[in-house]
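One structure below.
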Amino acid sequence: MGLFGKIVIGLLPIMPKFIVGWVAKRYVAGKTLDYAINTMITLGNKEGCCFTIDVLGEEISSLDEANFFLNEYVRVIDAIVEHQIDANISIKPTAFGLLIDEEKGKEKINKLLSKASENNIFVRLDMEDHRVTQSTIDIILDMHKKGFNNIGIVLQARLHRTMNDIQNICDNLGTKSDFRICKGIYLEPEDIAFTDYHDINNAFSESLHLMLKNGAYCGIATHDKPVINDSLKQIEEFGMGPITPDPRNNSGPIREGKGPGYEFQMLLGVRGELRRQLLKQGHKVRVYVPYGEKWYEYSRRRLRENPDIAWHITKALLMPWSNRR
Ligand code: FDA
């Protein structure tokens, strides 16, 4: 962690909530679903991007809290349908109780999947820290076995196990494999994860290649220019591209609401100019839109987990005009 990061982290406990809030407003749609809907309608009309919605909150301490997330996501699905927004949902399994009672957590996810499936909406399981990597993978495999095809997973390039996980999921799900590949936000220990920037980028590239080779659908989630350039090169090498139908003969039928075998994904408020550039080139770009009462905890946790974000906070404070979506 750089000196800047250390200072900002040190100041966190005494940092006034309004400062954290002022910075967070760029990255979080607002406290309620209405804010998320307005953000998506405005951005969608302006730029033509699509969305995935995240209700803020992670590990819970009682199963009652899981009911809140289930009910809130049901409201999200109804709102997507009512406003005809090009959006799907991203959920955190621990918010459904995965670490309290795995079976009960799965039951709740199952209920949400049924609701999403009735409305033709895709559900992405976000990937949390290494304690739940395997159980999160098990959930998607189980749900596919139960006949739900509207579910996909996130894998983190930084984890050593990821290449095996990709192959295992592709062997099990075949043309229904649907991934988001990202670097991984959790700073995992060295014995299970790459920690060097270049090693993580190489692992990202290899992961994407293995997914594309297996015919899987790939959500490429990054704001890192070299990683985006490498991904564009790989897409071209596979004969894929914007507007062109997916030419891979192992990729299965066209996926409704998705790109031609791939899409780019970015967080709300991060690197808007890069997002617009990709959209202009015709690529499908999905924006991850978090909202909820837990915005403060979310922002503080993200900061503690990945102190590099301290730089973005410092920049926003020193150059307030740069703090826009
Ligand atoms: P990198 O960290 O190298 O950042 C490249 C550049 O992007 C930075 O220099 C900076 O300019 C900008 N940038 C990146 N993050 C920023 C931020 N928060 N604020 C401002 N600028 C920022 N992780 C995970 O473990 N599980 C998950 O389920 C997901 N899901 C997910 C969905 C989507 C749509 C995205 C884009 C990302 C995730 N992530 C995630 C987070 C991901 O693993 C990773 O931590 C961040 O995307 C940052 O990595 P980059 O690839 O952007 O590169």
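Any value given below was found using the heavy atoms of this structure, including those in side chains, with hydrogens, waters and symmetry copies removed. We count ligands from 1, going down the list as the structure has it; atoms in each ligand are counted the same way. Residues: numbered from 1 along the sequence shown.
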### Query
Hey, mind stepping through Met240 and Asp246 against side-chain contact (heavy atoms from CB on, under 4.5 Å) and telling me if it holds?
CA-CA 6 Å; Met240 301 162 75; Asp246 187 350; 4.0 Å; yes
### Task
Test the Lys258-Tyr217 pair against the cation-pi criterion, namely NZ or CZ under 6.0 angstrom from the six-membered ring centroid and within 45° of the ring axis.
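Cation-pi check for Lys258 and Tyr217: passes.
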### Task
Run the contact test for Phe204 against ligand 1 with a 4.0 Å cut-off on heavy atoms, strictly below, and give the result.
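Per 4.0 Å heavy-atom rule, Phe204 does not contact ligand 1.
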### Task
Return yes when Val227 approaches ligand 1 closer than 4.0 angstrom through a heavy atom, no otherwise.
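Per 4.0 Å heavy-atom rule, Val227 does not contact ligand 1.
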### Task
Keeping the roles fixed (side chain from Asp126, backbone from Lys92), state whether a donor-acceptor pair exists under 3.5 Å.
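Here the side-chain-to-backbone pair does not exist.
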So is [X] polar-close to ligand 1, meaning N/O to N/O under 3.5 Å?
X      : value
Gln156 : yes
Arg180 : yes
Lys183 : yes
Gly184 : yes
Thr222 : yes
Cys182 : no

Under a 4.0 angstrom heavy-atom cut-off, which atoms of ligand 1 come close to [X]?
X      : value
Tyr186 : 25 (O)
Met127 : 24 (C), 25 (O), 26 (N), 27 (C), 28 (O)
Leu267 : 33 (C), 35 (C), 36 (C), 37 (C)
Val154 : 27 (C), 28 (O)
Asp126 : 28 (O)

For the pair [X] and [Y], find out whether any cationic side-chain nitrogen is under 4.0 Å from an anionic carboxylate oxygen.
X      : Y      : value
Arg271 : Asp224 : no
Glu273 : Arg276 : no
Glu188 : Arg158 : no

### Task
Answer yes or no: is there a side-chain heavy-atom contact under 4.5 Å between Tyr186 and Gln156?
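Yes, close enough: below the 4.5 Å cut-off.
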### Message
Evaluate Glu82 against Ile37 for side-chain contact (heavy atoms from CB on, under 4.5 Å), listing each step before the verdict.
### Response
CA-CA 10 Å; Glu82 183 193 336; Ile37 297 295; over 6 Å; no
Listing, residues 139-148 side-chain donor-acceptor contacts under 3.5 Å, not counting sequence neighbours, or none:
from: Asp142; atom 1: OD2; to: Lys106; atom 2: NZ; distance (Å): 3.2
from: His144; atom 1: ND1; to: Phe148; atom 2: O; distance (Å): 3.3
from: His144; atom 1: NE2; to: Ile151; atom 2: O; distance (Å): 3.0

### Query
Counting only heavy atoms, which portion of Glu128 has something under 4.0 Å from ligand 1: side chain, backbone, both, or neither?
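Looking at Glu128 and ligand 1, no heavy atom falls under 4.0 Å.
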### Query
ligand 1 versus His223, non-hydrogen atoms closer than 4.0 Å: side chain, backbone, both, neither?
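Under 4.0 Å from ligand 1, His223 contributes backbone and side-chain atoms.
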### Query
What class does the angle between the rings of His283 and Phe264 fall in, given that below 30° is parallel, 30 to 60° is tilted and above 60° is perpendicular?
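Perpendicular, since the angle between the ring planes exceeds 60°.
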### Message
Looking at non-hydrogen atoms alone, which of Val285, Ile181, Leu155, Ile185 comes nearest to atom 45 (O) of ligand 1?
### Response
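Looking at heavy atoms only, Ile185 sits closest to atom 45 (O) of ligand 1.
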